[in-house]
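Here is the structure we will look at, set down as structure tokens.
Naming: A, B, ... by sequence-line order, numbering from 1 per chain.
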Amino acid sequence: MANANMPQSGSELETPVRVRFAPSPTGYPHLGNIRTALFNWLFARRYGGKFILRIEDTDVARKVEGAVEMILDSLRWLELDWDESPYFQSQRLDIYREVADRLLNGNDAYLCYCSPERLEAMRQEQIKHKQPPKYDGRCRHLTQQQKTELRAQAITPVVRFRTPLDGETSFQDLIRGRVSFQNSTLDDFVLLKSDGYPTYHLANVVDDNLMAISHVLRADEWLSSTPRHMLIYQALNWDAPHFAHLPMILGPDRSKLSKRHGATNIMEYREQGYLPEAMINFLALLGWSLDDRTELLTRQELVRNFSLERISKTAAVFNKEKLEWMNGVYLRQLSPDEFVQRATPFLDRDLPLSIERPLHSDYVRQVMSLIQERAKTLAEVPRLCDFFFMDELQYEASLLLSRGLSSESAVEAVKTSLRRLEVTEVWDAESLEEMLRPLATELNLSTAKFFGLLRVAITGRSAAPPLFQTMAVLDRGKCLKRLTTALDRLSALTQAQNK
RNA sequence: GCCCUCAUCGUCUAGUGGACUAGGACAUCAGCCUUUCAAGCUGAGAACAGGGAUUCGAAUUCCCUUGAGGGCACCA
């Protein structure tokens with residue numbers, strides 16, 4: 001791999017590292033956008049450089065309300081802090097105009113009066129004839145007289161770059177090596193639109209130069225526009241930054257990430273209960289690896305070890321199961337207090353409204369200690385523990401009779417349990433187990449059947465945290481009440497069966 | 001259609017000519033643990049796209065084919 005230009009350590013840098021994340025507010029940021037932001041951030045932090053945020057809002061028509069805030073919120077959520085307050089290209093129009101004029105004066109650009117309709121028709125025609133769609137250059141060689149006439153028609157022209165007709169343009173990509181393009185396959189692309197806004201190509205080059213960007217780390221989809229950018233740099237006599245085109249993140253169908261791939265907006269992962277530290281770890285491993293075995297890395301470890309050499313060239317399919325697993329690992333690593341703190345907003349949000357707020361924090365703490373190792377996301381915490389908070393449990397009476405338990409022995413078992421529990425002195429998990437385990441033998445039931453029965457009676461479900469701990473957290477009153485209810489449901493069931 | 005890029009288990013990846021009977025992780029399956037679930041532990045199956053060439057020796061280098069992705073706007 002060609003890494004001659006890559007910084008080896010802070011002291012050997014030819015120029016300070018300055019990278020940027022340059023999203024356009026035409027949509028909400030998704031996994032791919034954020035992965036790009038992360039790699040830029042890691043690169044800046046690794047080499048003691050600057051991470052710059054630039055909003056590329058040069059498309060007035062496609063601007064999405066709230067997108068800028070969403071971008072900033074995403075970066076804040078993941079703690080990808082930027083060093084220079086966000087730049088907005090829409091506030092720098094005069095700068096691009098000036099550079100466009102300079103290109104015009106140097107004959108590296110020209111005014112084009114072609115209507116969008118003509119261009120569209122031209123493209124259709126080219127596609128129909130299986131020709132590559134390219135601007136045909138009609139306005140490239142206008143005579144003085146034609147120019148005067150067109151100017152008189154009050155059409156606002158666009159500025160197009162005068163792409164060399166032959167030769168080739170190549171550049172060194174830090175990840176892919178040398179990449180070359182025949183200029184003849186390029187066309188005279190637009191630099192300045194008729195609304196006075198620059199296109200991506202112009203604004204991008206101008207700002208990267210003005211902001212002294214040293215390395216452009218961007219997604220692979222930009223690779224084919226890089227020769228255009230190189231041509232602009234050359235025409236302006238500017239040094240180009242180093243380029244590194246990152247492998248794309250693909251949806252499960254192996255196509256570019258888009259709305260139809262589900263949770264498109266990165267903030268939805270927060271809603272779904274993913275931890276930012278898990279997101280960072282997971283995203284870092286999409287296209288980068290430390291070695292042949294390390295999966296779990298802290299932010300600090302990522303910063304210390306990140307390097308362009310270890311970025312892979314292959315596009316990666318986003319694998320949600322692995323994210324879930326990793327999130328579970330991070331959840332279990334949290335201290336109990338921290339878990340409570342992180343889970344509480346989700347409990348407030350998703351527990352049934354009938355449950356009184358605010359939740360009792362000591363009680364929540366006890367419940368969470370039983371839930372922490374069972375959750376893969378914070379969003380599933382409420383439904384894992386709602387029975388701890390509810391008054392009435394909804395469940396099918398038949399659920400009490402799993403594993404071939406007869407209703408007669410179930411009734412007997414619940415009755416006996418109730419009698420004993422009513423007089424149990426100490427209500428903690430250990431005492432409860434000491435009392436109930438021998439009872440299974442006494443009732444001539446397997447522990448699986450007996451405890452399974454009690455579990456459904458106490459929690460309303462067949463899968464729950466360990467029975468005795470659950471009973472201990474719920475108080476005696478609640479447990480006895482639930483057992484009584486279970487008894488009622490069992491007799492109702494028996495009566496129904498006998499009819 | 002043209003241009004560019006990429007190609008190792010289902011998925012993320014390790015691998016930079018010999019240490020590869022190709023390693024790890026997720027997922028899957030089986031077993032253990034166990035009052036259920038989860039976690040944990042043990043184990044299993046699972047890949048170098050195909051064909052040439054270079055070489056004493058190719059997952060690793062080169063070429064071709066195939067496949068995949070991206071780009072070809074007054075969008076970014």
* Give A:Pro252 one of three labels, base, sugar-phosphate or nothing, depending on what nucleic acid heavy atoms sit under 4.0 Å from its own. => nothing
* What is the distance, rounded to the nearest whole Å, between atom CG of A:Leu290 and atom C1' of B:rA25? -> 13 Å
* To do: Have a look at A:Glu321 and say if it touches a base, only the backbone sugar-phosphate, or nothing, with a 4.0 Å heavy-atom cut-off.
  => sugar-phosphate
* Please give the nucleotide sitting opposite B:rA14 as a Watson-Crick or G-U wobble pair, both distances under 3.5 Å, or none. => none
* Could you check whether A:Pro465 gets within reach of a base, just the sugar-phosphate, or nothing at all, counting any heavy atom under 4.0 Å? => base
* For A:Thr185, which contact category applies under a 4.0 Å heavy-atom criterion: base, sugar-phosphate, or nothing? -> sugar-phosphate
* Distance in angstrom units between A:Ile155 CD1 and B:rC74 P, rounded -> 16 Å
* To do: Using a cut-off of strictly less than 4.0 Å, decide whether A:Arg332 has a side-chain nitrogen or oxygen near OP1 or OP2 of B:rG40.
  => yes
* To do: Please determine, for the side chain of A:Ser24, which listed nucleotide (B:rU36, B:rU11, B:rA76) has the closest atom?
  => B:rA76
* To do: Select base, sugar-phosphate, or nothing to describe what A:Thr459 touches, counting heavy atoms under 4.0 Å on all strands.
  => nothing
* Report the base-pairing partner of B:rU60 (Watson-Crick or G-U wobble, both distances below 3.5 angstrom), or none. => none
* Does OP1 or OP2 of B:rC74 have a side-chain N or O of A:Arg160 closer than 4.0 Å? -> yes
* C1'-based separation of B:rC20 from B:rC48 [nearest Å] -> 11 Å
* Indicate, with a heavy-atom threshold strictly under 4.0 Å, whether A:Phe468 touches base, sugar-phosphate, or nothing. => base
* Looking at the side chain of A:Val317, which of B:rA38, B:rC12, B:rG70 is the nearest nucleotide? -> B:rC12
* Where the side chain of A:Pro132 is defined as all heavy atoms beyond and including C-beta, which of B:rU5, B:rG1, B:rC75 is the nearest nucleotide? -> B:rG1
* What's the CD-C1' distance between A:Gln469 and B:rA38, to the nearest Å? -> 12 Å
* Asked: Would you say a side-chain N or O of A:Ser289 is under 4.0 Å from OP1 or OP2 of B:rA14?
  -> yes
* **C1' gap between B:rC12 and B:rA7, integer Å** => 15 Å
* **Side chain of A:His201 - closest among B:rC4, B:rU36, B:rA76** => B:rA76
* Asked: Is any side-chain nitrogen or oxygen of A:Arg461 closer than 4.0 Å to OP1 or OP2 of B:rA38?
  -> no
* **Donor-acceptor contact below 3.5 Å, side chain A:Thr294 vs main chain A:Asp291** => no
* Asked: Quick one: is A:Lys256 getting a side-chain N or O under 4.0 Å of the B:rG71 phosphate, OP1 or OP2?
  -> yes
* Asked: Do A:Phe306 and A:Trp288 touch side chain to side chain, with heavy atoms closer than 4.5 Å?
  -> yes
* **B:rC75 OP1/OP2 closer than 4.0 Å to side-chain N/O of A:Lys63** => no
* Would you say A:Arg123 reaches B:rC74's phosphate, i.e. side-chain N/O to OP1/OP2 under 4.0 Å? -> yes
* What is the distance from CZ of A:Arg293 to C1' of B:rC12, rounded to the nearest Å? -> 16 Å
* **B:rC6 phosphate, OP1 or OP2, under 4.0 Å from A:Lys313 side-chain N/O** => yes
* A:Asn183 and A:Thr169 side chains, donor-acceptor separation under 3.5 Å -> yes
* To do: Would you indicate which nucleotide in B:rA39, B:rA14, B:rC74 comes nearest to any side-chain atom of A:Lys193?
  => B:rC74
* **Out of B:rC74, B:rC75, B:rG69, whichever nucleotide has its closest atom nearest the side chain of A:Leu250** => B:rG69
* Touch check for A:Cys114, heavy atoms < 4.0 angstrom, all strands: base, sugar-phosphate only, or nothing? -> base
* Asked: For A:Met122 and B:rC72, what is the distance between atoms CE and P respectively, to the nearest whole Å?
  -> 14 Å
* To do: Please figure out whether A:Asp253 or A:Ala375 has its closest RNA chain B nucleotide nearer the 5' end.
  => A:Ala375
* For A:Gly287, answer base if it contacts any base atom (sugar-phosphate contacts may also be present), sugar-phosphate if it contacts only those atoms, and nothing otherwise; contact means non-hydrogen atoms under 4.0 Å. => sugar-phosphate
* Check ion pair A:Arg140-A:Asp187 (N to O, under 4.0 angstrom) -> no
* What is the distance from CG of A:Leu191 to P of B:rC75, rounded to the nearest Å? -> 12 Å
* To do: Record whether the side chain of A:Gln126 comes under 3.5 Å of the base of B:rG1 through a donor-acceptor pair of N or O atoms.
  => no
* To do: Could you tell me whether A:Leu467 contacts a base, only the sugar-phosphate backbone, or nothing, with contacts defined as non-hydrogen atoms closer than 4.0 Å?
  => base
* To do: Flag the pair A:Asp207 and A:Arg92 as a salt bridge only when some basic side-chain nitrogen lies within less than 4.0 angstrom of an acidic carboxylate oxygen.
  => yes
* **Minimum-distance nucleotide to A:Leu223 side chain [options: B:rU36, B:rC26, B:rU5]** => B:rU5
* Answer with base, sugar-phosphate or nothing: what part of the nucleic acid does A:Arg118 contact at a heavy-atom distance below 4.0 Å? => nothing
* Structure fact -> Side-chain contact check for A:Asp59: nearest option of B:rU5, B:rA76, B:rA14 is B:rA76
* Identify the residue among A:Leu432, A:Asp428, A:Leu454 that makes a side chain to side chain contact (heavy atoms under 4.5 Å, CB included) with A:Phe468. => A:Leu432
* Asked: Heavy atoms under 4.0 Å, any strand shown: does A:Ala316 hit a base, just sugar-phosphate, or nothing?
  -> sugar-phosphate
* Asked: Quick one: A:Tyr197 OH to B:rC74 P, roughly how many Å, whole number?
  -> 18 Å
* What nucleotide, of B:rC3, B:rC12, B:rC75, holds the atom closest to the side chain of A:Phe181? -> B:rC3
* Can you establish whether the number of heavy atoms outside A:Lys193 located under 6.0 Å from its atom NZ is more than 12? => yes
* Asked: Should the pair A:Phe189 and A:His201 be assigned to parallel (<30°), tilted (30 to 60°) or perpendicular (>60°) ring geometry?
  -> perpendicular
* Asked: Taking only N and O in the side chain of A:Thr58, is any of them less than 4.0 Å away from OP1 or OP2 of B:rC75?
  -> no
* Using only side-chain N and O atoms of A:Lys134, determine if any of them is under 4.0 Å from OP1 or OP2 of B:rG1. => no
* Which base, if any, makes a Watson-Crick or G-U wobble pair with B:rC2, both distances under 3.5 Å? -> B:rG71
* To do: Using Watson-Crick or G-U wobble geometry with both distances below 3.5 Å, tell me the partner of B:rU34, or none.
  => none
* Asked: With a 4.0 Å cut-off on heavy atoms, is A:Arg218 in touch with a base, just the backbone sugar-phosphate, or nothing at all?
  -> nothing
* Pair of N/O donor and acceptor under 3.5 Å linking B:rC4 base with A:Ser224 side chain -> no
* Structure fact -> note: A:Ile175, atom CD1; B:rU16, atom C1'; distance rounded to Å ~ 16 Å
* Asked: Which nucleotide, B:rG24, B:rU5, B:rU13, lies nearest any side-chain atom of A:Val179?
  -> B:rU5
* Asked: With both distances kept under 3.5 Å, what pairs with B:rA7, Watson-Crick or G-U wobble?
  -> B:rU66
* Enclosure of A:Asp101 CG (heavy-atom neighbours >12, cutoff 6.0 Å) -> yes
* Select base, sugar-phosphate, or nothing to describe what A:Ser225 touches, counting heavy atoms under 4.0 Å on all strands. => nothing
* Structure fact -> With A:Phe282 as partner, the option from A:Tyr269, A:Phe318, A:Tyr274 fulfilling ring pair (Phe, Tyr, Trp, His ring centres under 6.0 Å) is A:Phe318
* To do: Select base, sugar-phosphate, or nothing to describe what A:Arg254 touches, counting heavy atoms under 4.0 Å on all strands.
  => sugar-phosphate
